[in-house]
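Both counts, for ligands and for their atoms, begin at 1 and track the order of listing. All figures in this text were calculated on a predicted structure; none of them were measured in a lab. In this chain, numbering begins with 1 at the start of the sequence shown.
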Amino acid sequence: CMLARIGGDEFALVIDHSVSHSEIKELGKKITQALQVPFTMRTGLVQISASCGFAIYPGAGNTVDELMDRADFALYQAKSEARGSSVIFTNKHRRLIKQKSKIELALNQSVKNSELCVYYQPIVNGKTGKTKGLEALARWYSPELGDVSPTDFIAVAEKTGTISDITLHLFEKAVCDLKHWPPSLYLSFNLSAHDVMNKTTLQELKRIIDIHGVPSRRIQFEITETTMMNDLDHSSKVTKTLQEQGFMIALDDFGSGYSSLSYIHKLAFDNLKIDRSFIDHLLQDQRSQGVLKTILVLCSNFEVSCTVEGVETVEQKNLLLALGCTQMQGYYFSRPAPIDQLDLTDSNEDVVLTNSTP
Ligand code: C2E
Ligand code: MG
Ligand code: MG
């Protein structure tokens, strides 16, 4: 093999004799396992991990550029599926690339053709069943592709730069809806990594609420843990500024990424949203319950509220209440729906969602 360093922490390996998929897999395993062995530095014990992406000639491509591109794609898949693993580029990935480029093309027209809309999911006090706020969730029906999940199209929009237009378009829609809601309800709106980095987008968000005369305290921005981790210093500056402007900040999908206690105290946020993957094992797993209790103590020490996402059953709801968690969200209470399908009735300080029939 020929080994080369091609970037900061990226290395390339050229294997110039014919090898089978199983041999490549074995090699990938050896490399990733070897790099997982902890080593000692002056500052202490360090453990790193590496992921591998392989592209095999001629199946994956005919030119050097093609092969490098596809190896990169496989690497990206390895990183997003399971860090520290290795992935070989196959036809499945070729189909994925095609699908992504179709999404890319159709997405360019989506804002102009008004194909995007907003659904809302209630954020509920699990004890009383009352709705405290509504999370806006983007929905896209493309005449060409049908329904496309936000997980798929937001990632593409981030890559192509259309995300700013989409964010501002959806935010304005949501703010217009909010004007008709009972005043005790807040809007929770997801921001992407790109939005957090983009000064103009942030200024425009503020401009939109000013134009519509909506106070910033009725808006919560959700920023994922992974986004925050991308650039901790910048993100914490942004969240601080947004808080100074009166917005609330939620740390979204907590527990799905790095979840490190070493950064959490550096961040300015008002609400911690625990990822739904956490809830999956809660009923059977005492340790998950212990971790959840610890997170609740952490939130109370930091004086931030805590919301658990993905509550689907009455058993999960009851257990969460017993563990001391009251703010919840999930199919048990209501699936995301168009605003006119959510029957919101005002009741002084809280709002009851009358059509939520669990
Ligand atoms: P998220 O912000 O964590 O939103 C929660 C996701 O979990 C939503 O998926 C929601 O439909 C789903 N969900 C809620 N309750 C349950 C439950 O009880 N069980 C299960 N299995 N799922 C539940 P959705 O709408 O597909 O959105 C996926 C992700 O896409 C969101 O995760 C958010 O990160 C992103 N997203 C959605 N809309 C926007 C947007 O307007 N802008 C940005 N930047 N991202 C968005
Ligand atoms: Mg969210
Ligand atoms: Mg979430």
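Within the structure, the closest approach of S149 to ligand 1 does not fall below 4.0 Å when heavy atoms are considered. Within the 4.0 Å heavy-atom shell around ligand 1 one does not find K273.
With ligand atoms numbered from 1 in the order given, ligand 1 contributes 41 (O) to contacts under 4.0 Å with heavy atoms of L170. Counting the atoms of ligand 1 from 1 in the order shown, those under 4.0 Å from a heavy atom of E312 are 17 (C), 18 (O), 19 (N), 20 (C), 21 (N). Atoms of ligand 1 found under 4.0 Å from any heavy atom of Q121 (numbered from 1 in listed order, with element): 14 (C), 15 (N). When each atom of ligand 1 is checked for a heavy atom of A138 under 4.0 Å away, the hits are 37 (C), 38 (N), 39 (C), 40 (C), 41 (O). Near L191, meaning under 4.0 Å from one of its heavy atoms, ligand 1 places the atoms 44 (N).
Checked for salt-bridge contact, E10 and R5 miss the test: no charged N lies under 4.0 Å from a carboxylate O.
Under the 30°/60° scheme for interplanar angles, the aromatic rings of F221 and F171 are found to be tilted. W140 and F153 have perpendicular rings, their planes meeting at more than 60° on a 0 to 90° scale where under 30° would count as parallel.
Where the criterion is an N or O separation shorter than 3.5 Å, residue side chain and backbone included, Y332 fails it with respect to ligand 1. Taking only nitrogen or oxygen atoms, main chain and side chain alike, D195 does not reach within less than 3.5 Å of ligand 1. Considering both main-chain and side-chain atoms, I154 never comes within under 3.5 Å of ligand 1 through any nitrogen or oxygen pair.
Proximity of atom 25 (O) of ligand 1 to the protein is indicated by at least one non-hydrogen atom lying closer than 4.0 angstrom. The protein reaches atom 1 (P) of ligand 1 closely, with a heavy atom under 4.0 angstrom from it.
In this structure, CD in E172 is found 10.5 Å from CG in L205, a value given to the nearest 0.5 Å. Note that OG of S256 is 8.5 Å distant from CD of E309, once rounded to the nearest 0.5 Å.
Within the set R139, E309, Q329, R335, the minimum heavy-atom distance to atom 5 (C) of ligand 1 is found for E309. For atom 4 (O) of ligand 1, the nearest non-hydrogen atom from the set T224, V118, L137 belongs to L137.
Within a 6.0 Å radius of CD in E303, other residues, nucleotides and ligands contribute 12 heavy atoms or fewer. Taking a 6.0 Å sphere around CD of Q286, one finds it holds 12 or fewer heavy atoms contributed by other residues, nucleotides or ligands.
In N190, the parts holding a heavy atom less than 4.0 Å from any atom of ligand 1 are both the side chain and the backbone. Residue contacts with ligand 1 for V311 involve N, CA, C or O but no side-chain atom from C-beta outward (heavy atoms, distance under 4.0 Å). Of the heavy atoms in P336, only side-chain atoms (C-beta onward) come closer than 4.0 Å to ligand 1. Residue contacts with ligand 1, taken as heavy atom pairs separated by less than 4.0 Å, do not involve I166 at all.
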Trace of the salt bridge (Lys or Arg N to Asp or Glu O under 4.0 Å) decision for E104 with K159: CA-CA 9 Å; E104 229 171 274; K159 208 180 105 221; 3.5 Å; yes
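Between the side chains of T224 and D253, no donor-acceptor pair of N or O atoms lies under 3.5 Å. Using a 3.5 Å distance cut-off with no hydrogens or angles, the side chains of S277 and D280 do not pair a donor with an acceptor.
The one candidate from K132, R276, Q121 that meets the side-chain hydrogen bond (donor to acceptor under 3.5 Å, both in side chains) condition with Q329 is Q121.
L251 and L137 fall into different hydrophobic clusters, where Ile, Leu, Val, Met, Phe, Trp and Tyr are joined by side-chain heavy atoms under 4.5 Å apart, directly or via other members. Follow the hydrophobic side-chain contacts under 4.5 Å out from M229 and you reach I249 in the same cluster.
For the Mg ion (ligand 2), the set of protein N/O/S atoms nearer than 2.8 Å consists of E135 OE2, N190 OD1, E222 OE1, D252 OD2, ordered by chain and number.
No side-chain heavy atom of F254 sits less than 4.5 Å from a side-chain heavy atom of V308.
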